Novice: 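Take this structure first; my questions come after.
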Protein chains: 2
Amino acid sequence: MAIVMAASAAARADEGMWTYDAFPADRVADEHGFRPDPAWLDHVRQSSVRLAGGCSGSFVSADGLVMTNHHCAAGCIQQVSTAAANLMEEGFYAANPGDEVKCPEIEINVLVSIADVTARVRRATQGLSDAAFIDAQKAEMARIEKECATDDRVRCDVVTLYHGGRYDLYRYRRYQDVRLVFVPEFRIAFFGGDPDNFMFPRYDLDVSFVRAYEDGKPARVDHHFSWGSEGARDGDLVFVSGHPGTTMRDLTVAQLEFLRDVAFPARLMRLAELRGLLTQFGREGAEQERVARKDLFGVENSFKAVKGEWEALLDPALARAKAAAEKYLRDRVRRDPKLRKEAGDAWDAVAAVQAEKRRQFATWALLEQAWAFPSDLFRIARTLVRGAEERPKANEKRLREFLDSSLPSLRQRLFSSAPIDPAIEELKLTFGLTKLRELLGADHPVVRKVLGRDSPEDLARALVRGTKLADVTVRTALWDGGAAAVAASDDPMVRFAMAVDPDSRAVRKTWEDGVEAVEKKQGERIAGAKFAVIGTGAYPDATFTLRLTYGKVEGYDENGRRVVPVTTFGGLFDRATGRDPFRLPPRWTAAQSKLDRTTPMNFASTCDIIGGNSGSPVVNAKGEVVGLIFDGNIQSLGGAFWFDASVNRAVAVESTAILEALRAVYGAERVVKELTGAP
Amino acid sequence: MAIVMAASAAARADEGMWTYDAFPADRVADEHGFRPDPAWLDHVRQSSVRLAGGCSGSFVSADGLVMTNHHCAAGCIQQVSTAAANLMEEGFYAANPGDEVKCPEIEINVLVSIADVTARVRRATQGLSDAAFIDAQKAEMARIEKECATDDRVRCDVVTLYHGGRYDLYRYRRYQDVRLVFVPEFRIAFFGGDPDNFMFPRYDLDVSFVRAYEDGKPARVDHHFSWGSEGARDGDLVFVSGHPGTTMRDLTVAQLEFLRDVAFPARLMRLAELRGLLTQFGREGAEQERVARKDLFGVENSFKAVKGEWEALLDPALARAKAAAEKYLRDRVRRDPKLRKEAGDAWDAVAAVQAEKRRQFATWALLEQAWAFPSDLFRIARTLVRGAEERPKANEKRLREFLDSSLPSLRQRLFSSAPIDPAIEELKLTFGLTKLRELLGADHPVVRKVLGRDSPEDLARALVRGTKLADVTVRTALWDGGAAAVAASDDPMVRFAMAVDPDSRAVRKTWEDGVEAVEKKQGERIAGAKFAVIGTGAYPDATFTLRLTYGKVEGYDENGRRVVPVTTFGGLFDRATGRDPFRLPPRWTAAQSKLDRTTPMNFASTCDIIGGNSGSPVVNAKGEVVGLIFDGNIQSLGGAFWFDASVNRAVAVESTAILEALRAVYGAERVVKELTGAP
């Protein structure tokens, strides 16, 4: 029965990443005795923000102050650091408004409206399949987005929900002037490091404050969260409002098998080797350690997350549940003549295309996901080369990332002043080129074309040392100069990106037309069958759109013992060993006597979250912020595929801890006042 | 039908790693028109040798000259190299007999006799199971080996064939004084490096010559191979006599799933990360590159081999064939009351124990396979600590590696003069300790005990820099001093090995009693059922015992094109790019004009081989050596589980190429004369 339930609309208690326009307020009222009303929902929605790079956050003052995680601002922290001023090591506090430092690449989005455009998208693709289907769908989405995005302050995304069951237009207010206000040291933000990552109990101050600016001044915002003075306590009802990135709960069994056997293992082996390279590089000296840290953090974090997801896929219980749920749905479809005609063969079509995915995956990942070219300088070169070719085309004919609606974000990254470390670039590009040769073989035509008689090391060195693309003015000239400037460029990285582009575009087209088009079209059919069989009351898989989830502050059982849901400063000091990654920053050692050991530090709740929710506010029934999501426990990684309320826990920094640290450890009075509204 | 055939005794053409006492001479006569007679078989057997470290070889002169692969002697080459004389880079040739250099760790075995001891082993375990079963079996095997091994020149191993279907006593002549005679440069031995490893066409001179000594003089041997002047040509019938290490063709489906889902992926991720660490370490300088090379070669080779095996396990065709073969056998057993009683529930028992394996695997691999302590100095410390505890016990009560019959090989390694590089030791031990914490979690009792408040880096540094075990005299004193000396030692590595030993032994015992014992006992039952259903004419899985296999020099189809089976010197020079790993050593560039481009260099044959066969002689019907196995193609990696004659190919160096290189490139006239019997 539990198995069939998984296929039904009745998600289990606390399960669900709900869109704001379909939040189950009645169910929350039934289960928890509190009914969020429309005003409450509007306020929470408009106080929530998205960091376009892949995180969440919230407004915590009327002057555009945004709270998010340290690890969500880590790119900025690294980019504004230098060998002399290492903000990862030291933290940062703008004691005066004028001290706030611009982040080169952070973009903040606030959801303004949602509109259902399903009928319009469907009309455009009616009767089409393969390349025609995907071209028509892409073009129609581009038109919708372009009509909506009236200026650079408006961001419009047509999002696919329910794997094609619904298409919505999400309209955001966009802020690209974002400045750093406060961050603690990396060592306390990520206390416990990789060993404690995705673990609970936990003791991290993974917080940062940035500010949205408008016309060079702090942005005035209509909605922001008040600071919850009572914090979060065991048993409290809490909500998380944020942007979960990707779940795969509605994939077919065949699609899950592809992930289990091909995509995830390939990614894990790649990450494991890159981790080794970066680790050893970081041991060469303090400056090497500094420049490697951001990549290494990302690699280790991804490795642990993907490994957890992959292990969930290997769990026989999950495989049985997925098979049973799919069988239940297919049996129902088979017995209904109308449904059978509409969707009866969709699962087999999806299964058939997995063989094609297996054949194409390595080449596609290497060339088009840039596994072979994991370099910022290459990314810039490719953006310039493709931009020159794409921008003159009609909007709806372009590659997706060059649509008019995409250009503001693209330009922000392309012209970012963030420093690019050549040694890390060489390391990563050498690695990528080595994998290209390893995975396709030394005699593959693309490998011969790319490497010629060079070794990966020699080619990477020549490209990285020869290119001038680290200079933003050079990029600007090539972007503004368009096709003629790019064609005339003798920059080796630009020439290289041009040389591989025909092969790479061909691989992309084959993948999009032969794989993505099939999965999208069949996805629509399967979604239709699900709506017919189990109703429209289910929540859609996460797609980095704003969702609201609810639950309780609650512990769980692990290896036969009870894990309590709230940790304290005392636990932090007990866990510190003096050695990384369990070493406290000097400010914390110095402040120990001033801090109350019983202050709550981190807490676990049953809210249903996933990667992308990092930085999400945890809100109480009063609509006050009482915590800051920064992680899930190791059991939460299976949440990519299903929700197990007995052990899946969201992990947050408690609001009291943030305030006490700002006061007693950092003396960040300006931020404290702004948060608490104190005079 | 093809599926059922896989379960039958009728192996397909050329399939089979046959023991010498059951070689299917009639079938070879039927298929190839040549019947190896007993004299032929005896001569080939006695001319074949085993390198105890995991390779094969052959006598190629009456004076104990042994031909094997460069990569089989690589340990020795590395060990006798220094920063000043890098024999991996330069190669080695003892122009005079007195120049031959002793290899610290090579042991050579020549099979003298095989005796069936099945009845005796079975009697000892009758009616027993779990710990009692495995203790009794181990004790009886120890008794048999001890009775047989009359002095250190005799090596006796009781080997398990057919997963318990048969137990044989293999008696070997042992040579521990082995000296280096000739090796080419690593760059030509392993031309193409990792990208070309397990690939074909191929262009490697992966050969070395060493010599067995007896009483300080070259050993006189009764049998050796003559050099085949005609070499190997497309279509020739050839035999390979060697020591395939491990195949898993007779494992149950449940056992294969454990490898697919747990053991292989864990190993691959571990190897991938270690590869990254060693690669980057090797870039720190020429000397770092030199000391890292041996480990890096081993890691890359294992990674590619295990990855190929793992991908074979993911092949749906293999899964279907294995499931069908098992079903066929189980159906037959089920329908026969006697067989049903004897073995009916054996498969389910094996399946049930896989869950236990999954639970225990990480801890067992970390502590008892030393994944957490991948350090030579730790291995030495553990050998000393355990030796002190084990050696006073009655022979049959000891851990297997301390049996009297095992001690000569153990002592050779323990007292080896091979240098130990402290930087590589630190790197590997840091890695292992980091994985220990990562895989068990920072709060696991063993992790807390091992690390205390240390970081992996700090602990590894302290142990490696503090220990004196790199000094052979220190090891000797501790070995000879026994338990008292070990207990009194303040060497930090010895103390460390002592501290982890109780936990590690407990893990080993749980694994042996709870997992191995079940698989061994049920393996006997399944083997019995197989003998009953499909007869005793099948060959047993490889177990690093001497096997003879036969086949033809033959090409194959790959991606729609025909791969011809013999490459030439011309192809080598065409493939050279001047950059590693496609860079030729200077001697080869210089000799290019003297070499005939049409000389055969490497060739592929349908002989059924696997890792451990490295260094095996390829022999023609006249009993002459015509090649030297050094690899299989990428398709051969699936050979761990099944034999696909259409694409599985053994890859060898052609004998003509060896001789021409010795003459024209190296001027190694002394070796040429010895091989050809020229005056």
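All values below come from the heavy atoms of this structure, side chains included, with hydrogens, waters and symmetry mates left out. Since we're looking at a predicted model, the values are computed, not measured. Residue numbers begin at 1 in each chain, while the letters A, B, ... track the order of the sequences.
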Novice: So A/Phe200 and A/Tyr556, would you call those rings parallel, tilted or perpendicular, with 30° and 60° as cut-offs?
Specialist: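 Taking A/Tyr556 first and then A/Phe200, their aromatic rings sit tilted (interplane angle of 30° to 60°).
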Novice: Are any of the side-chain nitrogens in B/Lys304 or B/Glu300 under 4.0 Å away from the carboxylate oxygens of its partner?
Specialist: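 No.
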Novice: Which bit of A/Arg583 comes within less than 4.5 Å of chain B, counting heavy atoms only: side chain, backbone, both or neither?
Specialist: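 Nothing of A/Arg583, per the 4.5 Å heavy-atom cut-off to chain B.
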Novice: Is NZ or CZ of B/Lys357 both nearer than 6.0 Å to the six-membered ring centre of B/Phe258 and within 45° of the ring axis?
Specialist: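 Pair B/Lys357/B/Phe258 counts as cation-pi.
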Novice: Does any backbone or side-chain atom of B/Arg270 lie under 4.5 Å from a heavy atom of chain A? Answer side chain, backbone, both or neither.
Specialist: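 For B/Arg270, neither part sits under 4.5 Å from chain A.
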Novice: Taking side chain as C-beta onward, heavy atoms only, is A/Leu459 less than 4.5 Å from A/Leu463?
Specialist: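 Yes, at least one pair of side-chain atoms sits under 4.5 Å.
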Novice: What part of A/Asp194 gets within 4.5 angstrom of chain B, counting heavy atoms only: side chain, backbone, both, or neither?
Specialist: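 For A/Asp194, the contact with chain B is made by the side chain alone.
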Novice: What option among A/Val262, A/Thr279, A/Leu274, A/Asp454 has the most heavy-atom pairs under 4.5 Å with chain B?
Specialist: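 With the most close heavy-atom pairs to chain B, the winner is A/Asp454.
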Novice: Of the backbone (N, CA, C, O) and the side chain (C-beta and beyond), which part of A/Phe431 lies under 4.5 Å from a heavy atom of chain B, both, or neither?
Specialist: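 Looking at A/Phe431, nothing touches chain B.
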Novice: Relative to chain A, which segment of B/Thr434 carries a heavy atom at a distance below 4.5 Å: side chain, backbone, both, or neither?
Specialist: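 For B/Thr434, there is no contact with chain A at all, as no heavy atom is under 4.5 Å.
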Novice: Considering only heavy atoms, which portion of A/Arg358 lies under 4.5 Å from any heavy atom of chain B: side chain, backbone, both, or neither?
Specialist: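 The side chain, not the backbone.
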Novice: With chain B as the partner, which of A/Glu273, A/Arg437, A/Glu284 has the greatest number of non-hydrogen pairs under 4.5 Å?
Specialist: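 Counting heavy-atom pairs under 4.5 Å, the top option is A/Glu273.
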Novice: Considering only heavy atoms from C-beta outward, does the side chain of B/Lys307 approach that of B/Phe303 to under 4.5 Å?
Specialist: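 Side-chain contact under 4.5 Å: yes.
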Novice: Between B/Asp196 and chain A, with a heavy-atom cut-off of 4.5 Å, which part of the residue counts as in contact: side chain, backbone, both or neither?
Specialist: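 Answer is side chain: those atoms of B/Asp196 sit under 4.5 Å from chain A.
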Novice: Are B/Asp443 and A/Arg575 close enough for a salt bridge, meaning some N to O gap below 4.0 Å?
Specialist: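 A/Arg575 and B/Asp443: salt-bridged.
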Novice: Give the minimum heavy-atom separation between A/Asp631 and A/Met199, together with the two atoms involved.
Specialist: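 Smallest interatomic distance, heavy atoms only, reads OD2-N, 4.4 Å.
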Novice: Please test A/Ser375 against A/Glu425 for side chain to side chain donor-acceptor pair (under 3.5 Å), starting from the C-alpha separation and ending with a verdict.
Specialist: CA-CA 6 Å; A/Ser375 137; A/Glu425 287 282 300; 2.7 Å; yes
Novice: Side chain, backbone, both or neither: which part of B/Arg283 has an atom under 4.5 Å from a heavy atom of chain A?
Specialist: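 Contact with chain A is through the side chain of B/Arg283 alone.
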Novice: One thing to verify: whether A/Glu426 and A/Arg465 come together as a salt bridge, which I'm taking to mean a side-chain N less than 4.0 angstrom from a carboxylate O.
Specialist: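 A salt bridge is present here (some side-chain N lies under 4.0 Å from a carboxylate O).
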Novice: Who wins among A/Gly192, A/Gly441, A/Ala576 for the most heavy-atom pairs under 4.5 Å with chain B?
Specialist: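 Maximum pair count with chain B is reached by A/Ala576.
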Novice: Using non-hydrogen atoms only, which part of A/Leu439 is less than 4.5 Å away from chain B: side chain, backbone, both, or neither?
Specialist: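 Just the side chain, heavy atoms under 4.5 Å.
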Novice: What closest approach, in Å, do B/Ala272 and A/Met269 show between heavy atoms, and which atom pair accounts for it?
Specialist: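 The answer is CB-O, 3.6 Å.
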Novice: Between the side chains of B/Glu438 and A/Arg275, is the shortest nitrogen-to-carboxylate-oxygen separation below 4.0 Å, so that they form an ion pair?
Specialist: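 The answer is yes: the pair qualifies as a salt bridge.
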Novice: Listed by residue number, which members of residues 310-318 of chain A have a heavy atom under 4.5 Å from any heavy atom of chain B?
Specialist: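 Residues of residues 310-318 of chain A touching chain B at under 4.5 Å: A/Trp310, A/Leu314.
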Novice: Step by step, work out the side chain to side chain donor-acceptor pair (under 3.5 Å) result for B/Asn602 and B/Asp204.
Specialist: CA-CA 7 Å; B/Asn602 291 172; B/Asp204 286 359; over 6 Å; no
